[in-house]
Amino acid sequence: MADGGDSAPDLRIQGDSITLQPSGFVAPPEAVRGGEKEEALMKHMARFRSEPLQFLREVSLYVSGTGWRAYDDVIGQPIFYSGFSEHMKSLVMSAALLQTKISQLADMRIAVEEKEGLLNKHDKEFQTKRARRRAVLVQSLQEVAENLTDNMICKFESKTFIRGTYYVVTQLLLRAYHQGIHVSSEEVLRLRSVAEEAARKKQSIIFLPCHRSHVDYVSLQLLCYRLGLALPVVVAGDNLNFPIVGNILQHAGAMYIRRSFGDDQLYTTLVQAYIDALLQGGYNLECFIEGGRSRTGKLLPPKFGILSFVIDSLLSGRIEDAVICPVSTQYDKVVETEGYVTELLGVPKKKENLADFLSGGSSMLSLRLGRVDVRFHEPWSLRGFVNEQIARLSKVPSAINIDWKDTKNALVRQKLLRVLGYKVLADINDVSVVMPTALIGTVLLTLRGRGVGRTELIRRVEWLTDRVRAKGGRVAHFGNAPLSEVVERGLEVLGKDLVGVVGGLAEPTYYAVDRFQLSFYRNMTIHLFISEALGGGPSNQDIPFKDLHDQVLFLSSLFRGEFIYSGEGLAMNLEKTLAGLEADNVILIERDEEGTITKVGLSDAERAAGRENYDFYCFLIWPFIEASWLAAVSLMGLSPPLGQKEDIWIQLSKAQNSAQLLGKTLYHQGDLSYFEAVNKETLKNSFQRFQEEGIIQVVKSKDAKIPPRLRLAPEWRPARDDMTGNLIASGRLWDFTEKIASSRREGKNRRDGATDAVKKPDTKGKGKGVFAPPTLSREEARSLDKTVSEQKRRRTFENRAHL
């Protein structure tokens, strides 16, 4: 590892070895430390005020392009040359796929004009006028496509630009993340080897990172530059394409796409043509598998937009193969978490602009946010993955008759996309590093008391570290630093706004100041313990195995869109989880004479320890159970009032906002244990699950001015008392809500599940402020029927347990 100086280390790569040296160092080191797997590729650089000569020397090295800074002999296809943008634009515009679509759109418009009488078929010069009109339409579409292409494509034009940008961005980033950017040298060597092979075959590496911060794509670009890899083209939302900054990002690797394509066939084909051009040329690509940034700290469900274009390129034969590389980026502290909390509490996201960008960049300079850890999963062949899945699916009995080898079939592609997305998420989890701040946040939010003493905090962090490693996870290491020092560093990075300390006691006592924001860091560990957490709940200290199995099955289905599960299946996961908890002396398992599990309960040792380990798993899952329960309770208010014969449709966003308002009310009245249960993302996920299961029905209008609307499915509507109009405590929705409630945290009014809490909202249907137009158009009604049928078919197709 580099010395403790302030200058950036050089990366020296010889064959299979990698050595980090002080900047400008030329002589070979006398000895190389053995067994060091984790390296800080970038540490903070010299500053003008403290080291003016060293600062000027570093600047001169970048300007002159000395050594690796020249970025000349990169591994990959040629980039950063004058004319690169025009070359890519010509590839896109000449693509047969795009030209065919332009011809189709022109013909479609001609047919409309003929039907409306704008072109007279009886005119003697009809064919001539028609051809002339078609040529005008084609030319107009070509101009539109060319303009869209210019705004969309990445523009790798100047090496001088990228050298300067690298230096400036590194200066800014490493002042904020003062402990540097860390990678695994083993993973870096493997990645370079794969990149060399891909370059020989002219194949693209598709980096698929998780997304928690805007720093994600910056750190990956910096690492690729530093390692001498061809920079990937980064798929970015056009919300980042604002004046000055948008142009800089586009020349540094960003390609801009709309958040929603709608029914724009030309734009959709244009994006496909550009993805084809990149993959056919062997240019690297970077796309965030979750779409947007995670505001909750854990992985979001995969978004399939760009992946669908990649899969189409492969399955349609326009490319032979591509290399998939899942990437995990972890932080001691994410700079945007305070803004995330504001958004999750219902404040609309502020549009990106230059003023906020500049003020945010300057404020970062004074922060001390710890370090960034980037991990690369072992890359794999996309073609190999597809072939393996088709072979596997062809052997598995299906509920519907389908030829899995027919890759043009929409259902086959949908299945491949889904499996691909969740495999990437699982791979990211496999290589993710748990940071000290995540360990501290998890411990503070999984204890029953108000605070924890320093000794106990260190003990629980050590216990959690052991549990993470036992589950196959990775914990960031700090060389030979004692755990007490690591915890102290973590507390310093989190700061007094998140973790408070009470002095003047027998020992320093720490407590969570901002539990909502601290939950972001707790959620960075939950994927490791989700199997144990799903078996938690206040009533499960002693439980028959069948009841435990049914509850885990129910909760697993409920949180299918919230967490990433092992692919081994429920039975195997449950068996392994119980065996692990038994080995840890947390639970006691009773078996019959044949060895079959009959009952599960807490062990005597766990009871004697105040059930601290059992509680740990419960505290992880309880906030999510609370959020799902809250979303289910809010559906009660969607039941039409007495005398209302027509369906009542409610704006989806307003229904979610009403659920959030209800949650805030219940929390402050003591009927909700966790304030983070009202966060917008978890509630949206709950509504999405309810829609997938047919509990609610959502209709989207083709008119962009009409927002999506929902109603409670007729078979799920609770009945009302004919005299009072109050909801009757029976029916599918009531039973469903009570089933969720059975796993909630014990406390005030929670033994009765939904009953007491539902008395809080207006259950007589008086609040009509969220109601949308009560009827659907014929087109919307047909769309709804089609959607409901497709959902039923999909549930049959997936052959999974349902709510």
Side-chain angles (χ1 to χ4, degrees), residues 89-153 238 241 256-277 305 308-309 312 316 318 408-410 413-414 646-647 649 651-653 697-711 772-790:
K89 192 187 298 184
S90 66
L91 290 177
V92 174
M93 292 304 299
S94 62
L97 194 71
L98 178 61
Q99 293 303 317
T100 300
K101 178 57 67 176
I102 287 176
S103 295
Q104 290 176 354
L105 292 173
D107 290 338
M108 290 167 61
R109 181 59 195 171
I110 288 292
V112 171
E113 292 184 2
E114 288 178 3
K115 185 177 180 180
E116 294 179 351
L118 298 176
L119 286 173
N120 186 0
K121 292 183 179 181
H122 303 292
D123 192 320
K124 293 181 180 180
E125 298 182 356
F126 169 71
Q127 291 298 335
T128 302
K129 290 181 178 179
R130 185 182 187 277
R132 190 181 302 133
R133 174 59 179 160
R134 187 181 185 281
V136 169
L137 288 171
V138 169
Q139 181 60 32
S140 297
L141 288 169
Q142 293 277 11
E143 292 174 359
V144 171
E146 189 168 350
N147 185 53
L148 289 172
T149 301
D150 187 65
N151 290 331
M152 175 176 63
I153 65 171
D238 58 5
N241 192 11
Y256 293 117
I257 61 170
R258 299 172 186 168
R259 287 294 185 182
S260 174
F261 293 5
D263 294 326
D264 193 332
Q265 296 183 43
L266 177 63
Y267 189 77
T268 302
T269 306
L270 196 62
V271 174
Q272 181 68 71
Y274 185 40
I275 297 294
D276 286 350
S308 67
F309 289 115
D312 188 74
S316 300
R318 295 191 295 276
K408 294 182 180 179
N409 187 311
R413 291 196 173 194
Q414 181 184 358
E646 295 180 328
D647 284 332
W649 290 87
Q651 287 186 25
L652 176 59
S653 61
Q697 296 171 343
V698 178
V699 64
K700 298 179 181 179
S701 174
K702 287 188 176 182
D703 186 348
K705 296 181 180 179
I706 301 178
R709 289 159 287 165
L710 67 81
R711 71 173 180 184
T775 59
L776 300 181
S777 66
R778 290 183 179 179
E779 184 178 1
E780 290 172 339
R782 286 195 297 269
S783 175
L784 175 64
D785 290 340
K786 182 180 178 181
T787 300
V788 171
S789 298
E790 287 177 350

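In this structure, the separation between CD1 on Ile102 and CD on Gln139 is 9.5 Å, given to the nearest 0.5 Å. To the nearest 0.5 Å, the span separating CG on Leu710 from OG on Ser653 amounts to 9.5 Å. Within the model, atoms CD of Glu114 and CZ of Phe126 stand 4.0 Å from one another, a figure rounded to the nearest 0.5 Å.
Heavy-atom minimum distance, Ala277 versus Leu91: CB-CB, 4.1 Å. In this structure, Leu270 and Ala145 approach most closely via the heavy-atom pair CD2-O, 3.7 Å. For the pair Thr269 and Leu97, the tightest heavy-atom approach, listed with the atom from each and the gap, is CG2-O, 3.6 Å. Considering every non-hydrogen atom in both Thr268 and Phe309, the closest pair reads O-CE2, 3.6 Å.
The side-chain contact (heavy atoms from CB on, under 4.5 Å) test applied to Leu105 returns Lys101, Met108, Leu141, Gln265, Leu266, not counting sequence neighbours. Residues passing the side-chain contact (heavy atoms from CB on, under 4.5 Å) test with Arg413, sequence neighbours excluded: Asp312, Leu315, Ser316. Not a single ring-ring contact (aromatic ring centres under 6.0 Å, His included) links Tyr256 to another residue, sequence neighbours left out. For Lys89, the side chain to side chain donor-acceptor pair (under 3.5 Å) partners are Asp150, not counting sequence neighbours. With sequence neighbours excluded, no residue satisfies side chain to side chain donor-acceptor pair (under 3.5 Å) with Gln127. Under the salt bridge (charged side-chain N to carboxylate O under 4.0 Å, His left out) criterion, Glu113 pairs with Arg109, Arg133, sequence neighbours left out.
At distances below 3.5 Å, at least one donor-acceptor pair connects side-chain atoms of Tyr267 with backbone N or O atoms of Arg258.
More than 12 heavy atoms of other residues, nucleotides or ligands lie within 6.0 Å of CG in Asn147, so this atom counts as buried by the packing criterion.
Using a 4.5 Å cut-off on side-chain heavy atoms (C-beta onward), Met152 and Leu148 make no contact.
Checked by atom type, the side-chain pair Arg709/Gln651 shows no donor-acceptor distance below 3.5 Å.
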Candidate pair Val112 and Glu116, rule side chain to side chain contact (heavy atoms under 4.5 Å, CB included), full reasoning:
CA-CA 6 Å; Val112 171; Glu116 294 179 351; 3.7 Å; yes
Does Gln142 form a side chain to side chain donor-acceptor pair (under 3.5 Å) with Glu146? I'd like the steps, not just the answer.
CA-CA 6 Å; Gln142 293 277 11; Glu146 189 168 350; over 6 Å; no
Derivation and outcome, side chain to side chain contact (heavy atoms under 4.5 Å, CB included), residues Asp238 and Ile257
CA-CA 5 Å; Asp238 58 5; Ile257 61 170; over 6 Å; no
Would Gln272 and Arg318 count as a side chain to side chain contact (heavy atoms under 4.5 Å, CB included) here? Give the steps.
CA-CA 11 Å; Gln272 181 68 71; Arg318 295 191 295 276; 3.3 Å; yes
